[in-house]
Amino acid sequence: MSTTLKAVRADITTLALDAIVNAANSSLLGGGGVDGAIHRAAGPELLLECRRLGGCEVGEAKLTKGYRLPAKYVIHTVGPVWHGGGRGEAELLASCYRRSLELAAAEGIQSLAFPGISTGVYGYPVEQAAGIAVATVRATLGELTGIREVLFCCFSDSDLAIYQRLIGDAGH
Ligand code: AR6
């Protein structure tokens, strides 16, 4: 079974998929950007569940329910802060995508959307981050079963254009 890869421009909190991925920080206690938007849309129960998780390492991922979100689950992952590329940022970012997909597959999640992890406050250059995102998702999906659809959820037209070029027409 091949998985559909798509780039969309959307507010990730509006997507009715099995799961959305949150670009969190290691406390998992909320923040700005997409993290803030997800917590606002999910409601206070999300923070209560996050408090019980004991944080999350950079490059790792943890699962919660989606509460008031249209998505059933939230996969919280912590991207690296960009320091110029010499501090293992690429490997850590790839790990975010890989660990999120492994967690999704283990939970029977069939559809999920990623934001541009680390490309906001954490400063990762978007072109480079998008290349890692698409390559890592493709490689990881080759090792997993059950995931039918992966969306790259872009917040700007310029990000969308980058992802569309990387994915091409093939969609997988
Ligand atoms: N839907 C989709 N994408 C969004 C949304 C949204 N509602 N809001 C922002 N983005 P950022 P990071 C895009 O800064 O760089 C938080 O405070 C945004 O345009 O949210 O991983 C956390 O708590 C950008 O392309 O995440 C951490 O402390 C992308 O999401 C820190 O920020 C990621 O931007 C994480 O920084």
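First listed ligand is number 1; within each ligand, the first listed atom is number 1. Below, all heavy atoms of this structure are taken into account, side chains as well, without hydrogens, waters or symmetry copies.
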- Any idea which protein heavy atom is nearest atom 1 (N) of ligand 1, and the distance to it? Ile12 N, 2.9 Å
- Item | Within one Ile-Leu-Val-Met-Phe-Trp-Tyr cluster: Tyr67 and Val21, side-chain cutoff 4.5 Å | no
- Message: Taking Pro80's backbone N and O only, do any of them form a donor-acceptor pair with Ser118's side chain (distance below 3.5 Å, no angle check)?
- Response: yes
- Message: Contact between ligand 1 and Gly79 is defined here as a heavy atom of the residue under 4.0 Å from a ligand atom; is it met?
- Response: no
- Query: Going by the atom numbers of ligand 1, which of them fall below 4.0 Å from some non-hydrogen atom of Gly116?
  - Reply: 29 (C), 33 (C)
- Message: What I'd like to find out is whether the side chain of Leu112 reaches to under 4.5 Å of the side chain of Ile20, using heavy atoms alone.
- Response: no
- Item | Check: Asn25 and Tyr122 side chains under 4.5 Å, non-hydrogen atoms | yes
- Starting from atom 15 (O) of ligand 1, find the nearest protein heavy-atom neighbour and note its residue, name and distance. Gly120 N, 2.8 Å
- Task: May I ask you to identify the nearest protein heavy atom to atom 7 (N) of ligand 1, giving residue, atom name and distance to one decimal place in Å?
- Result: Asp11 OD1, 2.9 Å
- Protein contact to atom 13 (C) of ligand 1 [nearest heavy atom, distance to 0.1 Å]: Phe155 CB, 3.9 Å
- Task: Please identify which atoms of ligand 1 are closer than 4.0 Å to at least one heavy atom of Gly33.
- Result: 8 (N), 20 (O)
- Query: Taking only heavy atoms of Asp35, which atoms of ligand 1 are found under 4.0 Å from at least one of them?
  - Reply: 22 (C), 23 (O)
- Within-cut-off N or O pair, Ile117 and ligand 1, under 3.5 Å: no
- Message: Check Lys6 with Glu149, please: is the shortest side-chain N to carboxylate O separation under 4.0 Å?
- Response: yes
- Provide, to 0.1 Å, the distance between atom 20 (O) of ligand 1 and the closest protein heavy atom, together with that atom's residue and name. Val34 N, 2.8 Å
- Query: Would you say Ala10 contacts ligand 1, with heavy atoms under 4.0 Å as the rule?
  - Reply: yes
- Task: Please write down residue, atom name and distance for the protein heavy atom closest to atom 21 (O) of ligand 1.
- Result: Ser118 N, 2.8 Å
- Message: Any salt bridge linking Lys65 with Glu45? Criterion: basic side-chain nitrogen under 4.0 Å from a carboxylate oxygen.
- Response: no
- Kindly check if the number of other-residue, nucleotide or ligand heavy atoms within 6.0 Å of CD (Glu102) is above 12? yes
- Item | Rounded distance (nearest 0.5 Å) linking atom CZ of Arg68 with atom CG of Leu46 | 10.5 Å
- Message: How long is the straight-line distance from CZ of Arg51 back to CG of Leu47, given to the nearest 0.5 Å?
- Response: 4.0 Å
- What atoms of ligand 1 come within less than 4.0 Å of a heavy atom belonging to Gly31? 17 (O), 23 (O)
- Note on the structure: Here the atoms of ligand 1 under 4.0 Å from any heavy atom belonging to Ala23 are 21 (O), 22 (C), 26 (O), 35 (C)
- Which class fits the ring pair Phe152 and Tyr97: parallel under 30°, tilted 30 to 60°, perpendicular over 60°? tilted
- Message: Just to be sure I'm reading this right: ignoring hydrogens, which of Thr13, Val121, Asn22, Leu28 gets closest to atom 14 (O) of ligand 1? Compare them by their nearest heavy atoms.
- Response: Val121
- So which heavy atom in the protein is nearest atom 27 (C) of ligand 1, and how far is it from that ligand atom? Tyr122 OH, 3.6 Å
- If you scan protein heavy atoms around atom 16 (C) of ligand 1, the nearest is Gly32 O, 3.4 Å
- Query: Which of these, Val81, Asn25, Val21, has its nearest heavy atom closest to atom 28 (O) of ligand 1?
  - Reply: Asn25
- Message: Show the atoms of ligand 1 that are less than 4.0 angstrom away from any heavy atom in Thr119.
- Response: 15 (O), 24 (C), 25 (O), 29 (C)
- Query: Roughly how far, to the nearest 0.5 Å, is CZ of Arg9 from OG of Ser158?
  - Reply: 8.5 Å
- Task: Kindly compute the distance separating CG (Leu92) from SG (Cys96), expressed to the nearest 0.5 Å.
- Result: 7.0 Å
- Can an N or O of Ala37 be found at a distance shorter than 3.5 Å from an N or O of ligand 1? no
